[in-house]
S.K.: 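One structure is given below, represented as C-alpha cells, and several questions about it will come after.
Proteins get letters first, then strands, A, B, ... in listed order; numbering begins at 1 in each. Quick note: numbers below take in every heavy atom, side chains included, and nothing from hydrogens, waters or symmetry partners.
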Amino acid sequence: MMRLYNTLTGRVEEVKPSNGMVIRMYLCGVTVYDYSHIGHARTIIVFDVIRRYLIHKGYKVKFVQNFTDVDDKIIKAAREKGVKPLELAEHFIEQYFKDFDGLNVLRADHYPRATEHIEDMHRIIKGLMEKGYAYRTSKGIYFHIAKDEDYGKLSKKQIDELKAGARVEVDEEKLDPLDFALWKFVDDEPSWDSPWGRGRPGWHIECSAMSMKYLGDTFEIHGGGEDLIFPHHENEIAQSESLTSKEFSKHWVHVGMVNVKGEKMAKSLKNIEPIHSALSRWGANTIRLYCLSAHYRKPLEYDETLLKQALAVWRDIENALYELEHAMMIPAREGEEGRAVVEELKGIVDESFKVFMDRMDDDLDTPNAIASLLTSIKAVNRYAGEDMLDVNTAKTVMPRLNDMLFILGLKRAEVSSEERARIEEMVKRRSMLRAEKRYKEADEIREMLRAEGIELVDHKDRTIWKKLS
RNA sequence: GGUGGGGUGGCAGAGCGGCUAUGCGCCCGCCUGCAGAGCGGGUAUACAGGGGUUCGAAUCCCCUCCCCACCUCCA
C-alpha cells in the first residue's frame, strides 16, 4: 500500500482506491503562454512517477491534467506578439507535448482545456449562486468565503491574518477582501456569454469544473506545485465542496519548488531553464533522475553539477542495460559456476527490488529507491566487467530491472534495425582490425561512432555497443 | 508578522535511539593495445550552536542562530 503525505491532514496517509482498484488523479497543469521549464518538469515528472508506480501495483489509474488556456498572462503575451490569445495557447500546448513526450511522461487520459468547459463552469457558478455562496458585483460574480466555515483548511491559514496581510486588492464592492472571482465581466476577446453577462472565468473555477466532470465530485488525488496550495487549491476546495457538500479530493499532494541559487525558478525572475533546452543538453533520463534525486517535498536546486551527477548515474544504468542486452546472445554457462552467478545476481536484484518498492511506498522516497536500484546496477556492471554474464543471468535480472525502470520512467535510446545493422557492421570491421593489431584504424572507427553517440566497450572476446541517451 | 519545511563529509542526499547509507567528484594501484565498465585502497575527527534526557543522540526535549517556500500571478 502506497503512503503519501497529505497536505490537508499534514500526515503521511495510505492512498486508498475508491471502487475496486480505481484511483482518480488530477494535476493542475500549466498556463500555456510560454515554454515550460524545469520547475514544471519536476512537478509533472513526480506525478508521472506516482502514476506509474500505482499502475505497476495493479491499480487502474484515471489521470487528468488541465491546460489553462484563458488567462490575463496569455492575453498580454498574445497582444505583445500580435497574435490571437487562443492561437498563442494552442502553440504552447503543442510545445508542451513535444517537451513532455520528450521527457517520457505518459500521456494523461484527458487534457481538458478551460475554454472548452465554459458551460461546466457556468453550472457550478449557478449552483453556488443558488446556494448563497456567490454574489454579484459590477465587476463579476464572487465567491463569499465567509459562507464557507472551513475556508483555509488546506493552507492552514487564519483568515484574520490573511486580511491583516493587506496584500489583497482593494475592491469596495466585495463583501470580503478575500472573496475571489468566479466570473469576471469583460467585453474584449476572449470572452463568453453567461447568464450574468459577457466575461471570462476566474482562475480557480476551471479546475473545479474539469476535475469533477472527468473524475466525479470526489476523487483520490489532487495536486500540483506547492505554490498552488494557496490560493488556488484552497479556493478549488471552497467552490467544489460548497457546491456538492461532499469531500472534493481525499489526498492533496504538493511538489517542492526548483530553485536557482536559492531562489524559486520563475518566469518573472528570468532564471528559467526551458525544457526543450535542458532536453537537448542532458536528455530525458538524466533530467528525470535529477528531478527524482531529491525527495519531492523538498526544494531542488537547479545546478549544473547536479545534472552531471544525474548523468553519471544514468550512464551506469545504461551500461548495465546494454551489457544485459548483449548477454542475451551469450550461451548459458555450464556447471556450478554459471548457476552460482545466476543465484547471486538474482538474490541481489530481488533484494534491491524489495527495498525499492518499500522506499516508494513510504511517501515516494525516490532518492533511496534510486539508491537501491543502483545496487542491482552495480552488481550487473561488476559481473559484466568479469565477463560473467550470459543468457541465463540476463533473463533472470531483466524483469525486475525493467519494473524499476518503468516506474521511474527511464528508458534506453531506441535503435532502428537499419541503425543496428550499420553499427554492428562497423563493430565487426573494427574487431578484424584489432585482431590484426591495426589499432590506429580501429580507434578511428570507435571515434567516428562516438561522434554519433555510439560508444563501444571491449570485452575479452567481443565488443558491445551502446547508443547513449 | 503568520503558516509549512529545512540546516549532515569537497558536492548532492539518506538516516526517525545503538550497526561503514548511497551517489558524484578527486588521488593512488590493478585490469585494458588504448578506452569504457569493474576491482582494491585513500579523500584529517560529517551531522548549525548551546544546554539537557539516556548505559548510549545526527536521531528525543528546551533555548539560540541561520535558510527556503507560501501569504500577489506562479508547477
Side-chain angles (χ1 to χ4, degrees), chain A residues 5 7 10 27-31 33 36-47 65 68 71-73 76 152 155-158 160-169 178 203 223-232 234 254-259 262-269 289-290 293-295 297-301 303 305-313 315-316 318-320 322-323 355 359 365-375 377-388 434 437-440 442-443 446-447 450 455-460 463-464 466:
Chain A
Y5 182 84
T7 309
L27 171 63
C28 282
V30 294
T31 301
Y33 72 102
S36 300
H37 62 248
I38 293 294
H40 302 117
R42 183 189 192 193
T43 297
I44 289 161
I45 287 169
V46 165
F47 270 80
Q65 179 186 145
T68 298
D71 154 276
D72 290 346
K73 289 192 294 297
K76 185 164 171 274
S155 56
K156 318 281 188 286
K157 302 247 178 253
Q158 303 302 126
D160 296 348
E161 280 153 8
L162 282 172
K163 289 178 188 167
R167 291 234 235 169
V168 283
E169 63 185 292
L178 292 173
W203 176 33
E226 68 177 5
D227 52 355
L228 296 184
I229 295 172
F230 188 89
H232 188 237
E234 191 72 63
H254 292 100
V255 181
M257 296 291 104
V258 173
N259 293 163
E263 271 188 317
K264 178 175 150 183
M265 181 180 283
K267 286 160 191 170
S268 56
L269 294 171
L289 281 167
Y290 157 75
S293 67
H295 184 79
R297 285 193 280 125
K298 285 195 165 185
L300 176 62
E301 190 67 21
D303 179 350
T305 62
L306 296 180
L307 270 301
K308 282 182 185 161
Q309 290 191 12
L311 178 59
V313 169
R315 288 286 174 249
D316 277 356
E318 194 176 44
N319 186 260
Y322 277 102
E323 290 288 356
V355 173
R359 294 333 300 145
D365 181 6
T366 52
N368 279 114
I370 291 168
S372 187
L373 164 64
L374 289 174
T375 309
I377 296 298
K378 293 276 169 193
V380 170
N381 283 152
R382 191 172 70 244
Y383 280 118
E386 292 166 3
D387 278 312
M388 300 289 263
R434 286 182 74 220
K437 298 211 190 312
R438 291 158 70 180
Y439 294 121
K440 201 169 165 232
D443 286 353
R446 185 168 63 189
E447 283 314 309
R450 196 197 299 276
E455 192 170 293
L456 302 187
V457 179
D458 294 325
H459 282 59
K460 281 199 181 74
T463 297
I464 74 159
K466 310 184 270 189

S.K.: Could you tell me how far B/C55 sits from B/C28 if I compare only their C1' atoms? Round to whole Å.
M.R.: 42 Å
S.K.: Check every strand shown and say whether A/A384 touches a base, only sugar-phosphate, or nothing at a heavy-atom separation below 4.0 Å.
M.R.: nothing
S.K.: Tell whether A/D458 reaches the base of B/C34 with its side chain through a donor-acceptor pair below 3.5 angstrom.
M.R.: yes
S.K.: Pick base, sugar-phosphate or nothing for A/V46, based on heavy-atom distances below 4.0 Å to the nucleic acid.
M.R.: nothing
S.K.: Quick one: is A/K298 getting a side-chain N or O under 4.0 Å of the B/A14 phosphate, OP1 or OP2?
M.R.: yes
S.K.: In whole angstrom, give the distance that lies between atom CD of A/E455 and atom P of B/A37.
M.R.: 7 Å
S.K.: Please state whether the phosphate of B/C24, meaning OP1 or OP2, lies under 4.0 angstrom from any side-chain nitrogen or oxygen of A/K378.
M.R.: yes
S.K.: Using whole Å, what does the distance between atom P of nucleotide B/C70 and atom CG of A/D227 come to?
M.R.: 6 Å
S.K.: Between B/A69, B/G36, B/A35, which nucleotide has the shortest distance from any of its atoms to the side chain of A/E323?
M.R.: B/G36
S.K.: If we take the C1' atom in both B/G33 and B/G15, what is their distance in whole Å?
M.R.: 46 Å
S.K.: Please state whether the phosphate of B/U22, meaning OP1 or OP2, lies under 4.0 angstrom from any side-chain nitrogen or oxygen of A/S372.
M.R.: no
S.K.: Rounded off to whole Å, could you give me the CG-to-C1' distance for the A/L456 and B/C34 pair?
M.R.: 13 Å
S.K.: Quick one: the side chain of A/R434 and the base of B/G33, do they pair up donor-acceptor inside 3.5 Å?
M.R.: yes
